[in-house]
Amino acid sequence: MKPNKHKALHSAEREFGGTLGATCIPVFLPLTVLYLLSVCRSPEASVLQWPPPLTPAAHLWDPLAAVLVVGWITLQSFLYLLPIGKVSEGLVLRDGSRLKYPINGFHALSITAALLIVCVLLGMPLGYLFELILPLAVCAIGLSYLLSMYLYIRSFWAPHHALSLGGNTGNPLYDFFMGRELNPRIGDFDLKYFCELRPGLIGWVVINLGMLMKEVELRDSPSLAMLLVNGFQLLYVTDALWNEEAVLTTMDIVHDGFGFMLAFGDLAWVPFTYGLQAMFLVVHPQSLSTLGAAGIILLNGMGYFIFRKSNSQKNQFRRDPTHKSVEHLETIATATGKRLLVSGWWGFVRHPNYLGDLLMALAWSLPCGMSHILPYFYVLYFTILLIHREARDEKQCRAKYGLAWDTYCKRVPYRIIPFIY
């Protein structure tokens, strides 16, 4: 049996450009983060300006940033280990076991918020995060590299059933990028699950708050645009942590190994690029009319409604297909014994949650005006990400469900945007 397992693992199809992509991405994406942050702080804020606004090397390091990053990871690790909230089981693994996960991310967010309120009341200069943003990003990038190297080395002691199907090809560069081990743990501490929603996601809204406080320092009060960006993104993060249990069925947890791709994405890419709008507004303030603000709020609300309702419907159907809220929905039987939704939100388009995500992403950028492309980096990047993720989903579902998936695609022809794509 063992040779067959090895063959199955090593024959997995390579993604993200194979070895070339796995070699280039760990070099260019960290540089992209630093470049975007540098451009965001420049007076022109033009991604195409020449020469580019490169930050002097001496400004990329600050010992305080290293202390803050280590302290932040320590705090979130402590909150992760607190015996509060319920414990849920993940999906069945290849060896038939199911891992247990603490569902206390919202508690961690709430405690972090309380600590931040205390910091503000004590007069701590949270606005100084603006000056520290590049050293903080450098430390987060360094941490993601160190964590990825640790994960790659320790994976050689993991049993074969614990390895990811897509990250054990035998090519060191590719496996380092994709991640060899599916669910690396230190005792009961799940490293991938912890990084997925805790330090980076909560860190994102903390950095946003720092940008808001910096604007208060400069202009005595936060602008309406800054309040909207902070409010929208706080809602998004709060929703993710309130519905933390849903992440246990996502591709990141179920399918992808834990390597540089996820480590860098969770610890550096998310907190330092998803909130570029708030940093942009510190240097390039924008005024919003009441009508414009109302329209943006409506757009974000519509996106959030679609995002939350469709995700809730999917999660409820997965947990209990006989529940009264989903039992009336039309489905298609598959050879695996599972059924595919072809009505409700999932009969509208194949990924209605992605549609909601994109509408919210646009609403986060609009408060920054239309004079610069930089604040729209997130919505442009996220569009590419979701199209790529949809293609990965499509490939896996077609392999898993066969003819039933073809039938589903005929019933629901549009992937993300109705009548367009």
Side-chain angles (χ1 to χ4, degrees), residues 85-86 88-92 98 101 103 105-106 193 196-197 201 232 235-255 298-363 382-383 385-398 400-401 404-421:
K86 66 177 182 178
S88 292
E89 290 187 335
L91 299 183
V92 178
R98 301 177 70 174
Y101 298 89
I103 309 297
F106 182 76
Y193 175 70
E196 184 77 11
L197 292 181
L201 213 61
F232 291 162
L235 171 64
Y236 188 81
V237 170
T238 302
D239 177 89
L241 292 166
W242 179 261
N243 297 283
E244 183 180 24
E245 191 172 7
V247 81
L248 300 181
T249 61
T250 60
M251 179 180 289
D252 286 358
I253 298 295
V254 174
H255 175 266
L298 180 63
L299 177 63
N300 190 78
M302 183 169 62
Y304 178 73
F305 180 81
I306 295 172
F307 172 82
R308 176 46 34 221
K309 285 293 186 179
S310 59
N311 273 324
S312 296
Q313 188 176 78
K314 174 186 67 175
N315 294 332
Q316 183 59 61
F317 183 77
R318 284 177 173 175
R319 286 196 303 268
D320 181 11
T322 63
H323 191 273
K324 62 180 181 180
S325 64
V326 294
E327 63 179 355
H328 65 285
L329 296 176
E330 187 179 354
T331 62
I332 294 176
T334 71
T336 66
K338 295 182 178 181
R339 305 187 72 85
L340 298 174
L341 283 172
V342 288
S343 64
W345 287 103
W346 299 86
F348 179 52
V349 289
R350 295 180 213 167
H351 296 277
N353 52 339
Y354 292 179
L355 173 62
D357 246 329
L358 291 175
L359 292 176
M360 286 189 288
L362 180 59
F382 211 54
T383 299
L385 173 72
L386 291 182
I387 290 174
H388 177 261
R389 184 176 292 175
E390 187 278 333
R392 295 181 75 200
D393 289 342
E394 184 87 7
K395 187 179 296 184
Q396 289 188 20
C397 289
R398 179 159 279 109
K400 184 176 182 180
Y401 300 121
W405 185 254
D406 293 333
T407 303
Y408 171 71
C409 292
K410 291 177 182 177
R411 290 286 303 273
V412 187
Y414 297 104
R415 300 166 186 254
I416 300 176
I417 303 175
F419 308 111
I420 297 177
Y421 177 76

If you round to the nearest 0.5 Å, how far is [atom2] of [Y] from [atom1] of [X]?
{"X": "Asn315", "Y": "Asn353", "atom1": "CG", "atom2": "CG", "result": "9.0 Å"}
{"X": "Leu299", "Y": "Met302", "atom1": "CG", "atom2": "CE", "result": "5.5 Å"}
{"X": "Arg392", "Y": "His255", "atom1": "CZ", "atom2": "NE2", "result": "6.0 Å"}
{"X": "Asp393", "Y": "Met251", "atom1": "CG", "atom2": "CE", "result": "4.0 Å"}
{"X": "Tyr421", "Y": "Leu386", "atom1": "OH", "atom2": "CG", "result": "10.0 Å"}
{"X": "Asn311", "Y": "Thr250", "atom1": "CG", "atom2": "OG1", "result": "10.5 Å"}

Side-chain donor/acceptor of [X] to backbone N/O of [Y], under 3.5 Å:
{"X": "Glu244", "Y": "Gly105", "answer": "yes"}
{"X": "Gln313", "Y": "Trp345", "answer": "yes"}
{"X": "Ser312", "Y": "Lys309", "answer": "no"}
{"X": "Arg350", "Y": "Val412", "answer": "yes"}
{"X": "Arg339", "Y": "Ile332", "answer": "no"}
{"X": "Trp346", "Y": "Ser310", "answer": "yes"}

Please tell me if the side chains of [X] and [Y] come closer than 4.5 Å, counting only heavy atoms from C-beta onward.
{"X": "Thr334", "Y": "Leu340", "value": "yes"}
{"X": "Tyr101", "Y": "Glu245", "value": "no"}
{"X": "Tyr414", "Y": "Ile420", "value": "no"}

Closest non-hydrogen atom pair between [X] and [Y], with its separation:
{"X": "Leu355", "Y": "Ile416", "answer": "CB-O, 3.5 Å"}
{"X": "Ser343", "Y": "Glu330", "answer": "OG-N, 2.7 Å"}
{"X": "Ile306", "Y": "Pro352", "answer": "CG2-O, 3.3 Å"}
{"X": "Leu359", "Y": "Gly303", "answer": "CB-CA, 3.7 Å"}
{"X": "Ile253", "Y": "Tyr193", "answer": "CD1-CA, 4.2 Å"}
{"X": "Tyr408", "Y": "Val349", "answer": "OH-O, 4.2 Å"}

Next on the checklist: As a quick check of understanding, evaluate side-chain contact (heavy atoms from CB on, under 4.5 Å) for Phe232 and Leu235, giving each step before the final call.
Outcome noted: CA-CA 5 Å; Phe232 291 162; Leu235 171 64; 5.8 Å; no
Next on the checklist: Checking Asp239 against Asn243: is there a side-chain donor and acceptor pair closer than 3.5 Å?
Outcome noted: yes
Item to check | Step-by-step side-chain contact (heavy atoms from CB on, under 4.5 Å) determination, Thr331 to Phe317 | outcome: CA-CA 11 Å; Thr331 62; Phe317 183 77; 3.7 Å; yes
Checklist entry - side-chain contact (heavy atoms from CB on, under 4.5 Å) between Asp357 and Tyr236: does it pass, once the steps are laid out? => result CA-CA 10 Å; Asp357 246 329; Tyr236 188 81; 3.0 Å; yes
Item to check | Arg415/Glu394 under side-chain contact (heavy atoms from CB on, under 4.5 Å): CA gap, chis, key distance, verdict | outcome: CA-CA 9 Å; Arg415 300 166 186 254; Glu394 184 87 7; 4.0 Å; yes
